Amino acid sequence: MSTLEDRTRWEPAEAEARIFERWLESGLFHVEPDGTAEASFSIVIPPPNVTGALHMGHALNGSVQDCLIRYHRMLGKRTRWTLGTDHAGIATQTQVEKLLRSEGTSREEIGREAFVERVWKWREEYGGIIFKQFQRLGASCDYEQERFTLDEGYARAVLEVFVDLYDKGLIYRDNRIVNWDPGSRSAISDLEVEEREVTDTLFYVEYPLASGGGSLTVATVRPETMLADTAIAVHPGDARYTRLVGETAILPLVGRRLRIIADPYVRPEFGTGALKITPGHDPNDFEIGRAHGLEELVVIGEDGRMNAAAGERFAGMTALEARAAVVAELREQGAIARTEPYTHAVPHSHRSGERIEPLVSLQWFMEMKRLARPAIDAVLEGRLRVHPESQRKRYLDWLENIRPWCISRQLWWGHQIPVWYRGVETYVGTAPPEGDGWTQDPDVLDTWFSSGLWPFATLGWPDDTADLRAFYPTDVLSTARDILFLWVARMVMLGIELTGAVPFSDVINHSTILAPDGRRMSKSLGNGVDPIEMIDLHGADGTRFGLLAMSSTQDVRFSAEKVAQGRQLANKLFNASRLVLLRLPAGIELDGEPPQPTAVEDAWILSRLERAKADTARAIEAFEFHRAALGLYDFVYGELCDWYLEIVKPRLYADDNDAVARFALGVLADTVAIAHPVVPFVTEEVWSHIPGTDELLMGRAWPAADESRIDPGAEAEIARAIAAVQALRGWRDGIGAAPAAVLPARLEAEGYERTAAYVARLARCEWSAEAAEPAATVPVPGGSIAVLASDTLDLGAAARKLEQRRDWLDAEIARAEQRLSNAGFVGKAPAKVVQAERDK
RNA sequence: GGGCGCGUAGCUCAGUGGGAGAGCGCUCGCUUCACACGCGAGAGGUCGCAGGUUCGAAACCCGCCGCGCCCACCA
């Protein structure tokens with residue numbers, strides 16, 4: 001490593017790996033379980049898919065969580081960030097199946113056992129890559145223990161929960177209509193379904209009445225499902241059909257007799273006001289069918305093809321083929337009255353993208369209503385806080401309208417359902433039953449069933465472990481809002497039911513990072529930005545800063561410029577530190593005493609630092625990470641570097657600089673400390689060069705704000721000096737004064753007793769006692785500065801500038817006077833504001 | 001059909017009642033002893049539109065327009 005003198009730039013590529021290694025070796029990522037959950041701070045990572053690679057969402061969430069973890073670690077909390085991965089049933093199975101296909105085989109061909117083995121092997125190979133990437137980001141997880149939702153202990157927890165909830169009657173098996181995904185050949189839950197606009201044809205089909213007296217016309221977009229019709233429904237109040245209720249219609253092509261029933265669900269104004277009822281293939285019809293005791297016929301099989309029940313003519317066809325065939329036959333019979341195009345929302349599988357085939361099937365369900373109530377109360381009573389507030393309503397609305405959850409999946413990769421069958425017997429238990437002839441249910445549980453146990457199963461539940469006692473309930477759960485229902489709400493429900501505790505006290509729904517083009521980042525669109533590339537380009541600190549800074553609203557476009565801004569901040573911190581450290585006299589080290597100001601600018605920066613400490617802490621605790629990041633930037637650039645360090649340079653370069661060097665060192669130390677949760681690498685690096693610090697910054701105590709050091713007087717004095725410097729610089733630039741020229745001037749303003757020398761140096765002028773007529777007068781707070789004639793000054797330009805200034809001032813005075821003459825303003829506005837106007 | 005968010009400088013975004021800000025880009029100037037991945041100075045905004053509340057609105061309220069997202073079983 002080269003010396004600080006030679007390193008004029010912060011080089012993340014060189015430093016970050018080295019620093020991360022020190023963190024890892026320090027053992028600070030891991031803390032022993034001890035004490036109570038109240039005294040600790042713990043986060044469980046939202047488990048990425050085993051197959052996953054780091055994307056921008058992970059990088060943002062990692063930055064958020066690490067910022068929190070580092071902050072609380074510095075606060076002295078016993079800090080645990082538990083990490084692990086999710087077996088991700090469908091996603092993983094799909095990937096491995098794809099691999100098998102490329103090898104010319106399939107899961108059916110090699111069989112279940114070999115397939116599952118293959119997935120495990122695949123997981124060995126690719127799993128956990130994402131945590132190497134997390135390390136690039138600087139994430140201070142407990143890497144010593146990585147959990148997996150299919151670990152032995154975890155699997156045991158899953159099975160015990162199944163048995164427990166089954167015994168409580170919350171889990172049951174039933175023939176119900178489910179969202180069948182022909183793509184993954186499995187049932188999926190309501191949450192895995194997305195609606196897409198589709199234009200279909202609406203067919204008006206005539207069903208003859210059994211009485212022979214005419215026919216009843218129904219409208220349908222799916223004529224092929226008529227083969228499973230078991231009734232026709234009309235609205236009870238629909239006068240057109242009142243006399244037909246209770247009559248019978250004949251199903252064309254099939255000849256089945258259909259009862260004509262009355263049900264308020266039917267909308268009289270849609271189509272003909274008569275609705276064919278197909279309980280086996282339509283969710284609404286299913287409910288109506290259950291209400292009226294109708295038969296549930298299934299004519300489309302799980303392979304998406306018509307089955308034997310569809311009749312010989314149609315069996316084996318795909319649903320689409322069957323539609324064409326049915327329509328053709330109906331036309332032949334003259335049973336289609338008319339058709340019209342019809343655009344509507346149609347459910348598709350979120351995973352496979354295929355159109356959902358609703359069908360009645362024997363599946364396992366979880367009854368959710370009873371579980372939802374306590375999860376609602378937890379939020380209403382403030383035991384669980386949802387951030388931002390707007391997401392709270394979403395959470396509550398969903399839970400208020402919760403429906404049964406289909407938890408069985410027709411997959412091989414996952415937790416196989418712990419139920420065995422023998423003839424009519426059913427056995428439910430965590431271990432296989434005694435005796436011969438039992439076969440286990442082939443289905444596995446929905447991935448979200450096991451991830452719903454994540455905060456406590458990762459800590460050893462259901463055993464009473466030290467981890468559980470020390471770290472559960474956890475504190476914060478940070479996630480993207482698209483899995484608020486899928487995952488978060490279920491963790492809350494299951495956590496309360498199984499452990500008696502809300503599994504975390506705060507839920508953060510962080511922003512969704514969109515691609516620069518405003519669309520979702522996606523592989524297929526090719527508009528994704530790789531966080532690792534960003535880290536390579538701008539460093540982890542820059543990437544973290546950028547992501548946090550851009551994450552204030554619910555959606556945000558990715559902006560590489562914000563990341564570059566973060567890199568600038570890192571570079572600035574590094575170089576500011578060089579200035580202080582390279583001027584540090586031998587023997588001075590950080591002694592733990594608060595910095596002692598010996599000049600007005602010292603008191604000023606100390607005051608600003610106290611505010612920055614408090615603001616940063618407040619922002620992090622309120623989960624307003626953009627405020628934390630941008631606030632640090634403002635402090636470091638706008639106050640520490642642009643002004644404080646510029647003002648004290650001569651003192652730092654003086655021979656007897658002990659006092660100011662010691663002071664600046666203290667300010668620097670606190671600055672890197674409060675910046676550490678946001679930009680951990682560069683701050684750790686700076687820390688390592690501060691004499692008197694043997695330990696890592698990561699493990700240092702957060703510098704608590706001390707409001708007694710806030711000094712409004714010093715703040716006002718320096719603010720005045722800054723304004724004067726800026727006024728003079730602007731004036732100089734306006735008249736084109738030579739940058740290096742030192743202009744003689746007379747200070748004719750109040751309030752510069754302790755800052756006049758700084759103003760002169762920073763604005764490049766020289767105070768003169770000469771009584772000469774000024775060449776120009778520059779207004780500054782508290783008076784003006786008279787610039788005297790000198791050979792470097794262009795008097796014509798100065799005069800023009802002065803003229804402009806006077807016009808502006810006249811306007812200002814007029815405006816202030818107008819305001820002050822307004823009785824309403826003087827009477828009602830706060831005294832401070834009125835006084836400010838008078839001062840003008 | 002309901003809900004949520006957004007609309008501020010050319011771009012990406014901060015800013016929740018007292019004279020509009022940042023980063024990037026642009027213009028001009030500067031090898032000033034931490035940093036040229038830098039420093040200084042600028043140009044550039046009827047704060048989506050229209051009402052209202054207020055002494056005072058980018059901000060608070062109402063309506064509209066535009067964009068995005070979520071939820072919803074209407075053939």
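Just so you know, these numbers use all the heavy atoms, side chains as well, and skip hydrogens, waters and symmetry mates. Just so we're on the same page: letters track the sequence lines, and every chain starts at 1. Bear in mind the structure is a predicted one, so any value in this text is a computation, not a measurement.
- A straight line from CZ of A/R583 to P of B/C33 spans 13 Å, rounded to a whole angstrom.
- Between A/E287 and A/R176 there is a salt bridge, with a side-chain nitrogen of the basic residue lying less than 4.0 Å from a carboxylate oxygen of the acidic one.
- Picking from B/G5, B/A75, B/G23 the nucleotide with the shortest atom distance to the side chain of A/Q565 gives B/G23.
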Begin from the C-alpha positions of A/R394 and A/Q391 and carry the test side chain to side chain donor-acceptor pair (under 3.5 Å) through to its verdict. CA-CA 5 Å; A/R394 266 183 85 217; A/Q391 295 301 312; 2.6 Å; yes
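- Contact check, A/R403 against B/C73: a side-chain N or O comes under 4.0 Å of OP1 or OP2.
- Contact annotation for A/E646: base contact, defined as any heavy-atom pair under 4.0 Å involving a base atom.
- Contact check on A/R222 versus A/E357 returns a salt bridge, with a Lys/Arg side-chain nitrogen under 4.0 Å from an Asp/Glu carboxylate oxygen.
- Remark: B/C33 base-pairs with no nucleotide; criterion is Watson-Crick or G-U wobble with both hydrogen-bond distances under 3.5 Å.
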Just by protein heavy atoms under 4.0 Å, how would nucleotides 12-17 of chain B read 5' to 3' in B, S and -? BSSS--
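- A donor-acceptor contact under 3.5 Å is formed by the side chain of A/K572 with the base of B/C35.
- Residues A/R627 and A/D634 are not paired through a salt bridge, judged by the lack of any N-O separation under 4.0 Å between the basic side chain and the carboxylate.
- Note: CD1 (A/I483) to P (B/C69) measures 19 Å, nearest angstrom.
- Atom CZ of A/R764 is separated from atom P of B/U32 by 9 Å (rounded to the nearest Å).
- When the C1' atom of B/C69 is taken as reference, atom CZ of A/R519 falls 16 Å away, rounded to whole Å.
- The distance between atom OH of A/Y265 and atom P of B/C73, rounded to the nearest whole Å, is 10 Å.
- The distance from the CG atom of A/D238 to the CZ atom of A/R267 is 13.0 Å, given to the nearest 0.5 Å.
- With rounding to whole Å, A/L514 atom CG is found 14 Å from B/C70 atom C1'.
- Atoms CG (A/D642) and C1' (B/G21) sit 15 Å apart, rounded to a whole Å.
- Between A/Q568 and A/A576, it is A/Q568 whose nearest contact on RNA chain B lies nearer the 5' terminus.
- Using a 4.0 Å heavy-atom distance criterion, A/Y342 is classed as a sugar-phosphate-only contact.
- Note on A/R290 versus A/E296: salt bridge recorded, some NZ/NE/NH1/NH2 to OD/OE distance being below 4.0 Å.
- Taking the charged nitrogens against the carboxylate oxygens, A/D200 and A/R355 do have a contact shorter than 4.0 Å, which makes a salt bridge.
- Atom NE2 of A/H689 is separated from atom C1' of B/C35 by 16 Å (rounded to the nearest Å).
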